[in-house]
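The first residue of the sequence shown is numbered 1, and numbering continues consecutively from there. All values below come from the heavy atoms of this structure, side chains included, with hydrogens, waters and symmetry mates left out.
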Amino acid sequence: MRTKTAIALALTLLAGAAQADSFDKVNETGTIKLGYREKSVPVSFKDAQGKPAGQTVDECKAFVSYLEKKIGKPLAVEWVMTTPKDRIEQVKSGKIDLECGSTTNTAKRRKDVDFSIPTYISNMRVAKLPSTSFTLIGNQSYKIDAIVIDGTSAVDFISITNDGYKTTKPDYNKVVVKDMTEALDKLKASQKPAIVIYDDILLISAIQARADKGAFQITDDHLSVDPYGIMSQKGSKLGKVLNDFLTVEMQTGVFSKTYNKWFRDDIQDNKGNTINLNNPMNKALSDVVRFPTNIVGN
């Protein structure tokens with residue numbers, strides 16, 4: 001019995017050692033691993049030169065400088081591409097220390113990771129063709145193809161759970177794709193009523209970058225409010241230091257300047273095209289900037 005207890009204790013200690021706090025790991029190794037997205041313009045994306053870019057990427061770069069001063073030594077930065085499908089597991093497993101992407105802070109995800117103070121507050125909206133009729137209350141007389149990107153909160157939005165099994169809501173046929181390019185291509189080619197469900201700013205930027213941008217409409221109504229946050233390991237000291245940094249950024253006006261750079265000024269997208277999203281900070285994010293907190297309502 002004592003042998004079994006000793007073995008269990010040893011395994012527990014080994015597991016704890018393998019999953020060291022990310023702040024301590026960064027301090028000891030002198031390297032911080034940051035996740036980013038490929039095409040989440042203007043939040044987090046790979047630019048035309050192949051380098052990480054975007055609002056959240058800029059915040060993470062500035063945080064590294066802040067962290068270097070805090071620990072008193074320079075840090076090497078490794079950028080790691082993430083996808084909607086693997087981003088949470090990469091943080092949870094410690095493969096990356098922070099995910100500087102476009103991830104919505106939800107109660108379900110908070111079981112596995114921590115989120116920073118919101119860096120953007122999005123609204124989930126619908127893109128459709130002009131010929132398609134769609135209402136939020138779902139009373140159209142036909143099922144509609146709901147095109148969603150795998151691993152995003154849009155998948156959860158069109159799903160319901162019965163007896164532990166997740167099924168698609170009766171108003172929708174679920175069509176899962178890998179990214180926004182495939183989603184909009186499939187929407188345009190659809191021979192049946194179809195919509196794309198995604199975060200508003202990512203929908204807008206993806207459509208603006210297309211030569212056929214006039215083919216799509218984005219609904220005024222929104223399906224949900226989605227606060228983006230930078231992800232860190234559950235309970236990590238690194239996440240707490242990150243929130244201290246973001247609080248300073250917001251209180252000194254630096255955060256708002258970074259926001260305007262990416263959401264209101266001319267920017268280069270992932271293909272090198274110049275776009276202007278003309279997207280002033282909404283009231284929800286303005287309130288967060290005035291009173292920084294990572295407590296959200298979902």
Suppose we screen for salt bridge (charged side-chain N to carboxylate O under 4.0 Å, His left out). Which residues come up paired with Asp200, at least two apart in sequence or across chains? none

Do NZ/NE/NH1/NH2 and the carboxylate oxygens of Lys240 and Asp244 come within less than 4.0 Å? no

dist His222:NE2 -> Ile197:CD1 (nearest 0.5 Å) comes out at 14.0 Å

Hey, is the main chain of Thr83 close enough, under 3.5 Å, to the side chain of Asp86 for a donor-acceptor pair? yes

Checking the side chain of Asn279 only, and the main-chain atoms of Phe263 only, is there a donor and an acceptor separated by less than 3.5 Å? no

Side chains of Glu59 and Phe63: closer than 4.5 Å at any heavy-atom pair? no

Check this for me: Lys25, atom NZ, are more than 12 non-hydrogen atoms of other residues, nucleotides or ligands nearer than 6.0 Å? yes

Under a 3.5 Å threshold, yes or no: a donor from one side chain and an acceptor from the other, between Thr103 and Arg109? no

Check: Arg264 main-chain N/O paired with Asn260 side-chain donor or acceptor under 3.5 Å: no

What I'd like to find out is whether the side chain of Leu285 reaches to under 4.5 Å of the side chain of Tyr259, using heavy atoms alone. yes

So, the side chain of Asp150 versus the backbone of Val176: is there a donor-acceptor pair under 3.5 Å, distance only? no

To the nearest 0.5 Å, what is the distance between OG1 (Thr104) and OH (Tyr120)? 11.0 Å

Without swapping roles, check the side chain of Glu28 against the backbone of Val26 for a donor-acceptor pair under 3.5 Å. no

Trace of the side-chain contact (heavy atoms from CB on, under 4.5 Å) decision for Lys261 with Asp58: CA-CA 10 Å; Lys261 169 186 172 182; Asp58 274 5; 2.8 Å; yes

Please step through side-chain contact (heavy atoms from CB on, under 4.5 Å) for the pair Leu238 and Gln233, ending with a clear verdict. CA-CA 8 Å; Leu238 192 65; Gln233 278 188 324; over 6 Å; no

Can you check side-chain contact (heavy atoms from CB on, under 4.5 Å) on Val177 and Asp185, steps first, answer last? CA-CA 10 Å; Val177 297; Asp185 287 345; over 6 Å; no

Interatomic distance, CD1@Ile230 vs CG@Leu242, rounded to 0.5 Å, equals 5.0 Å

Counting only N and O atoms by type, is there a donor-acceptor contact under 3.5 Å from the side chain of Asp97 to the main-chain atoms of Lys33? yes

Is Ser190 reaching over with its side chain to a backbone N or O of Lys186, donor-acceptor style, under 3.5 angstrom? no

Could you tell me whether the side chain of Thr56 and the main chain of Gly101 form a donor-acceptor pair under 3.5 Å? yes

Within this structure, what is the CG-CD1 distance for the pair Asp265 and Ile275, rounded to the nearest 0.5 Å? 12.0 Å

Any side-chain donor paired with an acceptor under 3.5 Å for Asp199 and Tyr228? yes

Between Asp171 and Lys169 (salt bridge meaning N to carboxylate O under 4.0 Å), is one present in this structure? no

Using 0.5 Å steps for rounding, measure from the CG atom of Leu184 to the CD1 atom of Ile207. 5.5 Å

Between Gln208 and Lys213: side-chain donor-acceptor atoms closer than 3.5 Å: no

Between CZ of Phe115 and CG of Asn294, what distance do you get to the nearest 0.5 Å? 10.5 Å

Distance-only criterion, 3.5 Å: show the donor-acceptor pairs between side-chain atoms of residues 64-81 and protein atoms not counting sequence neighbours.
residue	atom	partner	partner atom	Å
Glu68	OE2	Leu75	N	2.8
Lys73	NZ	Asn27	O	2.3

Shortest non-hydrogen contact from Met250 to Pro118? CE-O, 3.4 Å

Return yes if a side-chain donor-acceptor contact under 3.5 Å exists between Asp226 and Tyr198, otherwise no. no

Heavy atoms, side chains only, cut-off 4.5 Å: are Arg125 and Leu223 in contact? no

Side-chain contact test, heavy atoms from C-beta onward, threshold under 4.5 Å: evaluate it for Phe255 versus Gln55 and give yes or no. yes

Looking at Asp212, I want to see if its CG is surrounded by more than 12 non-hydrogen atoms of other residues, nucleotides or ligands under 6.0 Å. yes

Smallest heavy-atom separation, Ala194 atom then Thr132 atom, equals O-CG2, 3.8 Å

Arg87 side-chain N/O to Gly151 backbone N/O, donor-acceptor pair under 3.5 Å: yes

Validation: residues 43-53 side-chain donor-acceptor distances under 3.5 Å, sequence neighbours left out:
residue	atom	partner	partner atom	Å
Ser44	OG	Arg37	N	3.0
Ser44	OG	Cys100	O	2.7
Asp47	OD1	Gln49	N	2.9
Asp47	OD1	Gly50	N	3.0
Asp47	OD1	Lys51	N	2.8

Does any N or O in the side chain of Asp21 come within less than 3.5 Å of the main-chain N or O of Lys237, such that one atom is a donor and the other an acceptor? yes

